[in-house]
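Data block below; observations after.
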Amino acid sequence: MLSLNTKFVDKHVKDIDIKNISEEIYEAQRTLMSKSGAGNSFLGWLDLPVNYDKEEFARIKKAAEKIQKSCDILIVIGIGGSYLGARAAIEFVKSPMYNRLKKDTPDIYYAGNTISSSALSDLLKICEGKDICVNIVSKSGTTTEPAVAFRIFRNLLEEKYGKEGAKERIFATTDKEKGTLKSFSDDEGYETFVVPDDVGGRFSVLTAVGLLPIAVAGIDIDAMMQGAADAREKYSVADINKNDALKYVALRNILYRLGKTTEVLVAYEPSVQMLCEWWKQLFGESEGKDGKGIYPSSLIFSTDLHSLGQFVQEGSRILFETVLNIKKSNDTVIIPNDPNNIDKLNFLSGEELEFVNKQAMLGTLFAHYDGYVANIVIDIEDRSAYTLGNIIYFFEYACAISGYVLGVNPFNQPGVESYKKNMFALLGKEGYEELRAALKARID
């Protein structure tokens, strides 16, 4: 399980501050648990770790085995929450170099998260001469980025395997009953999995949206769900001194009210980078509205200490850090001795590289603390599937409560639609003629 270390935040937040905000936190927690707040039709994730569809879960594992046996590459097509959770999980548990490692599972690449012709062209070149499967993830099937990518890969599969062969290699994760992609998949005979109506995209990693690619990568999804289930039980306790999720909410909101408007999620492992990207969407879309919200950013140390460390140490005092400390490394690397001591580092000979990494973390924590930067430290046991399930639920639960403390609906994202409307109008989509004319007049 996770544990919160608050010793590096005590210059900014005192026990009395936590006591003073605690009733707001409890009220937000009651609102969430009673399902009486804004966006309460999107709370399916809350009990998902124990109430998930067991029949579909078994089908996910069976489909994953089929994909593992039939293809060299799985293309996951989706944008935002439709791919971030899966990619975060695979890189966290396995490796950010997953595709380059020797393994008995397929390479996994992602499409439909950009409109770059160069990126898609490169991916098509990677697929040349390979057996391919596709997992299209879209609630509607009409979102531009994934829909375009799906057209291209569907055509590729049909040319390579024929329509009958292609349908055995295309798996659609979409609405249970309605929508363009659902009806098309049923007509074509694709196997389908469900994007639940009551789970928003950024909260969907523990549904088929995330679980199918994660299972294809050989990750134990039973262990992931158990980790989330145990977190659900632990964080439902209404005691800020016993519930680290509630305390995390309290700390970040106290710091926000002190003018710390940016939260930087920090990790010392590259394997956490995509988890940071998932976290940024989770909190950014949930809190950033009505002129409110803590801006979510991320850094990977020690790499980014050599680019942004100066700003964190001595720049404008607008940020605080949340540090993910993974206690156990997956691997051991010993630093060799150099008889000539050319780099003057023989004092490290025989040490594990992970020891150096941990001392870098401690040194940075002390430096930033002394530089008056608040650091919330979250200690994480390891990079197992179980721990990942725990992390996912911890952040989802904290995010929902924090949104209610801020006074926003944590489960909608009205601002996301603005760019889509403008893009559709400029591309000439039917029904957007008036907006297109207005935009063209602004361009001219």
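Hydrogens, waters and symmetry mates play no part in the numbers below; they use all other heavy atoms, side chains included.
Here the straight-line distance linking atom CG of N375 with atom CG of N5 works out to 10.0 Å at 0.5 Å rounding. Taken from CD1 in I378 to CG in L265, the straight-line distance is 7.0 Å, to the nearest 0.5 Å. For the atom pair NZ (K234) and NZ (K242), the distance works out to 12.5 Å, reported to the nearest 0.5 Å. Atoms OG and CD1, from S286 and I294 in turn, are 12.0 Å apart once rounded to the nearest 0.5 Å. One finds the CG atom of L282 at 8.5 Å from the CZ atom of F395 (value rounded to the nearest 0.5 Å). Residue Q310 holds its CD atom at 10.5 Å from CG of L308, rounded to the nearest 0.5 Å.
Heavy-atom contacts from other residues, nucleotides or ligands closer than 6.0 Å to CG of N51 number more than 12. Counting heavy atoms of neighbouring residues, nucleotides and ligands inside a 6.0 Å radius, atom NZ of K11 exceeds 12 of them. For Q313, the CD atom counts as densely surrounded, since its 6.0 Å shell holds more than 12 non-hydrogen atoms of other residues, nucleotides or ligands. Enclosure of atom NZ in K19 is not indicated, since only 12 or fewer non-hydrogen atoms of other residues, nucleotides or ligands lie within 6.0 angstrom. When the shell of 6.0 Å around OH of Y369 is examined, it contains more than 12 heavy atoms from other residues, nucleotides or ligands. Within a 6.0 Å sphere centred on CD of E55, other residues, nucleotides and ligands contribute more than 12 heavy atoms. A 6.0 Å sphere centred on NZ of K103 holds more than 12 heavy atoms belonging to other residues, nucleotides or ligands. Few gaps surround NZ on K54; more than 12 heavy atoms of other groups in view lie less than 6.0 Å from it.
With respect to the salt-bridge test (charged N to carboxylate O, under 4.0 angstrom), the residues K328 and E381 qualify. A salt bridge is absent between D107 and R100: the closest approach of a Lys/Arg side-chain nitrogen to an acidic carboxylate oxygen does not fall below 4.0 angstrom. Electrostatic pairing of R30 and E23 counts as a salt bridge here, judged by a charged N lying under 4.0 Å from a carboxylate O. Salt-bridge formation is detected for the pair K280/E277: a Lys NZ or Arg NE/NH1/NH2 atom is positioned less than 4.0 Å from an Asp or Glu carboxylate oxygen. Using a 4.0 Å cut-off between charged nitrogen and carboxylate oxygen, K35 and D198 do not count as a salt-bridge pair. Between R59 and D53 there is no salt bridge, since no side-chain N of the basic residue sits under 4.0 Å from a carboxylate O of the acidic one.
Residues K358 and N325 approach most closely at CE-OD1, 3.3 Å, considering heavy atoms. Summarising the geometry of A250 relative to I240, their closest heavy-atom pair is CB-CD1, 3.7 Å, with the distance given to 0.1 Å. Here the closest non-hydrogen pair linking G81 and S204 is O-OG, 3.6 Å. Considering all non-hydrogen atoms of both residues, A89 and I219 come closest at O-CD1, 3.8 Å. Between S138 and T143 the shortest heavy-atom distance is OG-OG1, 4.4 Å. In terms of heavy-atom proximity, V237 sits nearest to Q29 at O-NE2, 3.3 Å.
Proximity of a side-chain donor or acceptor of D379 to a complementary backbone N or O of K327 within less than 3.5 Å is not detected. Not a single donor-acceptor pair under 3.5 Å links the side chain of E145 to the backbone N or O of I115. Without hydrogens or angle criteria, R383 side chain to S329 main chain gives no donor-acceptor distance under 3.5 Å. Between the side chain of D17 and the backbone N or O of K14, at least one donor-acceptor pair lies under 3.5 Å. Not a single donor-acceptor pair under 3.5 Å links the side chain of S302 to the backbone N or O of L305. A distance-only check finds no donor-acceptor pair linking the side chain of D382 to the backbone of N330 [under 3.5 Å]. Checked by atom type and distance alone, the side chain of K289 pairs as donor or acceptor with a backbone atom of N409 at under 3.5 Å. Judged purely by atom type and a 3.5 angstrom limit, N40 uses its side chain to pair as donor or acceptor with the backbone of G37. Formation of a donor-acceptor pair under 3.5 Å by the N243 side chain with backbone atoms of D239 is not found in this model. R232 places no side-chain N or O within donor-acceptor distance of the main-chain N or O of D47, the cut-off being under 3.5 Å.
Taking the six-membered ring where the residue is Trp, Y397 and Y393 present parallel rings, their angle staying beneath 30° rather than reaching 60°. By the 30° and 60° cut-offs, the orientation of the rings of Y235 relative to F394 is perpendicular. In this pair, Y110 and Y83 present their aromatic rings tilted. The plane angle is within the 30 to 60° band. Y190 and F150 have perpendicular rings, their planes meeting at more than 60° on a 0 to 90° scale where under 30° would count as parallel.
Side-chain polar atoms of S3 and D244 form no donor-acceptor pair below 3.5 angstrom. Remark: the Y248 side chain and the S402 side chain contain no N/O donor-acceptor pair separated by less than 3.5 Å. Side-chain contact annotation: T192 with D186, donor-acceptor N/O pair under 3.5 Å absent. Donor-acceptor pairing under 3.5 Å is lacking for the side chains of S116 and T114. Using modelled atom types and a 3.5 Å distance limit, the side chains of D222 and Q226 yield no donor-acceptor pair.
Residues M274 and P96 fail the side-chain proximity criterion, which asks for heavy atoms closer than 4.5 Å. The shortest side-chain heavy-atom distance between I18 and L251 falls under the 4.5 Å cut-off. Between Y295 and I318, every side-chain heavy-atom pair lies at or beyond the 4.5 Å cut-off. Counting only heavy atoms from C-beta outward, the side chains of Y268 and V323 approach each other to under 4.5 Å. In this structure, the side chains of E188 and R154 stay at 4.5 Å or more apart for every pair of heavy atoms. Contact of the V93 side chain with the M224 side chain is not registered, since no non-hydrogen atoms from C-beta on lie closer than 4.5 Å. Annotation: side chain of L74 is in contact with side chain of C133 (closest heavy-atom distance under 4.5 Å). A 4.5 Å side-chain heavy-atom check between V266 and V312 finds every atom pair outside the cut-off.
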Handout entry: Intermediate values then yes/no, side chain to side chain contact (heavy atoms under 4.5 Å, CB included), T6 and F8
Key = CA-CA 5 Å; T6 62; F8 294 97; over 6 Å; no

Practice task
Test side chain to side chain contact (heavy atoms under 4.5 Å, CB included) on F193 and V137 and set out the steps.
Solution key: CA-CA 9 Å; F193 299 93; V137 186; over 6 Å; no

Practice task
Check the pair L319, V373 against side chain to side chain contact (heavy atoms under 4.5 Å, CB included), reporting the backbone distance first and the verdict last.
Solution key: CA-CA 7 Å; L319 60 83; V373 180; 3.9 Å; yes

Handout entry: Residues F320, I376; criterion side chain to side chain contact (heavy atoms under 4.5 Å, CB included); working and verdict
Key = CA-CA 8 Å; F320 65 94; I376 303 168; 4.0 Å; yes

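Residues satisfying the salt bridge (Lys or Arg N to Asp or Glu O under 4.0 Å) test with E263, not counting sequence neighbours, are R252.
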